[in-house]
Amino acid sequence: MNKLVSSGLGAVQSAKMGFRKVSHVIFDMDGLLLDTETLYTKVTQAILDEYGDGQTYTWEVKTSLMGLQREEVANRLVKLYNLPLTPEEYMDLTLEHIRLLMADCQKMPGAEKLVRHLHDNRIPIALATSSSTESVEVKTAKHQDLFKLFHHKVMGSSDPEVKNGKPAPDIFLVAAKRFPDNPSPENCLVFEDAPNGVKAARSAGMQVVMVPDENITDDLKQGATVVLKSLEDIKLEDFGLPPLPA
């Protein structure tokens, strides 16, 4: 399949012949539906300020970790920055900071309109996030009207069926099979922001719409079916879904 990339305005440049019709949609959460990635940077840097001898949480490190399960993130950060913490202690500290910072996280542009549109048109939708159940509860507490619209939610860091985190395909395959009609992967469309999430979706045999952070370089967008600047730019009709209202 051709890699389809958006222009600076977010419009699809390539011909629609590269798309497949789908029947089900699976969403990532952090950095895609909720504006949490900047908050995660603050959380990690706060821990490094206290335990990491003034080291800096760089964009390069952050990019490599986006989409991974919390255990893998903790293991890598403790080792990389030589922190005087166990991975378990790091995760506990992270959760403490999340409770303080994440409760007020905001929705990303276009997120609510897109999710509600799909739900209203009876398109089955699911959430597939690498976050833990506790973390998701904190981040979605003020957005329950939106997140209750999902048929089901898969929390990769807490779900025993998700054996391997992104970029492995496990989380998206688990999310697909939990729809009542158990659609084949090729009938599922994934929305992601992270390179590891794109790899996971493609490994699962699914098309994937990528809405990356503006700092992510082009080489890390490889494999996405289409790359957009915002969820507001999605042309659902390219995938055989009801188009968003103007």
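The first residue of the sequence shown is numbered 1, and numbering continues consecutively from there.
In plain terms, the two heavy atoms of P242 and H117 that are nearest each other are O-NE2, 2.8 Å. The two residues P84 and Y51 have their closest heavy-atom pair at CD-O, 3.3 Å.
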Decide side-chain contact (heavy atoms from CB on, under 4.5 Å) for V22 and C188; before the verdict, give the C-alpha distance in whole Å, the side-chain angles of both, and the deciding distance to 0.1 Å.
-> CA-CA 6 Å; V22 299; C188 297; over 6 Å; no
T41 and Q45: side chain to side chain donor-acceptor pair (under 3.5 Å), yes or no, with the steps?
-> CA-CA 6 Å; T41 298; Q45 189 59 56; over 6 Å; no
When you look at V162 and V154, which way does the side-chain contact (heavy atoms from CB on, under 4.5 Å) test go after all the steps?
-> CA-CA 9 Å; V162 182; V154 181; 3.7 Å; yes
Give the intermediate values and the outcome of side-chain contact (heavy atoms from CB on, under 4.5 Å) for residues L236 and L114.
-> CA-CA 9 Å; L236 293 172; L114 176 56; 3.8 Å; yes
Step-by-step side-chain contact (heavy atoms from CB on, under 4.5 Å) determination, L244 to I234 | CA-CA 8 Å; L244 279 173; I234 184 62; 3.7 Å; yes
Can you list the steps and then say if F179 with H152 is a ring-ring contact (aromatic ring centres under 6.0 Å, His included)?
-> CA-CA 8 Å; F179 286 115; H152 58 276; 4.8 Å; yes
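Annotation: side chain of D159 is not in contact with side chain of T133 (no heavy-atom distance under 4.5 Å). Two residues are said to be in side-chain contact when any heavy atoms from C-beta on lie closer than 4.5 Å; P212 and D193 fail this criterion. Side-chain contact between L149 and D120: absent, with no pair of heavy atoms (C-beta onward) separated by less than 4.5 Å.
Side chain of K163 to main chain of P160: a donor-acceptor pair is present (N/O by atom type, distance under 3.5 Å, no hydrogens or angles). The backbone N or O of S130 sits less than 3.5 Å from a side-chain atom of S157, completing a donor-acceptor pair. With hydrogens and angles ignored, the 3.5 Å screen pairs a side-chain donor or acceptor of Q55 with a backbone N or O of Y81. Between the side chain of E192 and the backbone N or O of V190, no donor-acceptor pair lies under 3.5 Å. S132 places a side-chain N or O within donor-acceptor distance of the main-chain N or O of S135, the cut-off being under 3.5 Å. A donor-acceptor pair under 3.5 Å is formed between the side chain of S64 and the backbone N or O of V61. K107 places no side-chain N or O within 3.5 Å of a backbone atom of H143 that could act as its donor or acceptor partner. Side-chain atoms of E72 never come within 3.5 Å of backbone atoms of Q69 as a donor-acceptor pair (strictly under, hydrogens ignored). With hydrogens and angles disregarded, no donor-acceptor distance shorter than 3.5 Å links the side chain of D30 to the backbone of T36.
Of the charged side-chain nitrogens involved, at least one lies within less than 4.0 Å of a carboxylate oxygen, so that D218 and K221 count as a salt-bridged pair. A salt bridge between D104 and K142 is present, with a side-chain N of the basic residue lying under 4.0 Å from a carboxylate O of the acidic one. Comment: E214 does not engage K229 in a salt bridge, judged by the lack of any side-chain N to carboxylate O separation of less than 4.0 angstrom.
In the hydrophobic clustering of ILVMFWY residues, with side-chain heavy atoms under 4.5 Å counting as a link, V73 and I98 come out apart. Side-chain heavy atoms closer than 4.5 Å link hydrophobic residues (I, L, V, M, F, W, Y) into clusters, and following such links, possibly through other members, connects I123 to V226.
Screening I47, L39, T44 for a side chain to side chain contact (heavy atoms under 4.5 Å, CB included) involving H97 leaves a single residue, I47.
Remark: the D28 side chain and the T129 side chain contain no N/O donor-acceptor pair separated by less than 3.5 Å. Side-chain contact of S203 with K199: a donor-acceptor pair under 3.5 Å is absent, judged by distance alone. Using modelled atom types and a 3.5 Å distance limit, the side chains of S184 and N187 yield a donor-acceptor pair.
Applying the salt bridge (charged side-chain N to carboxylate O under 4.0 Å, His left out) test to residues at least two apart or on different chains, the pairs with a partner in residues 42-69 are E37-K62.
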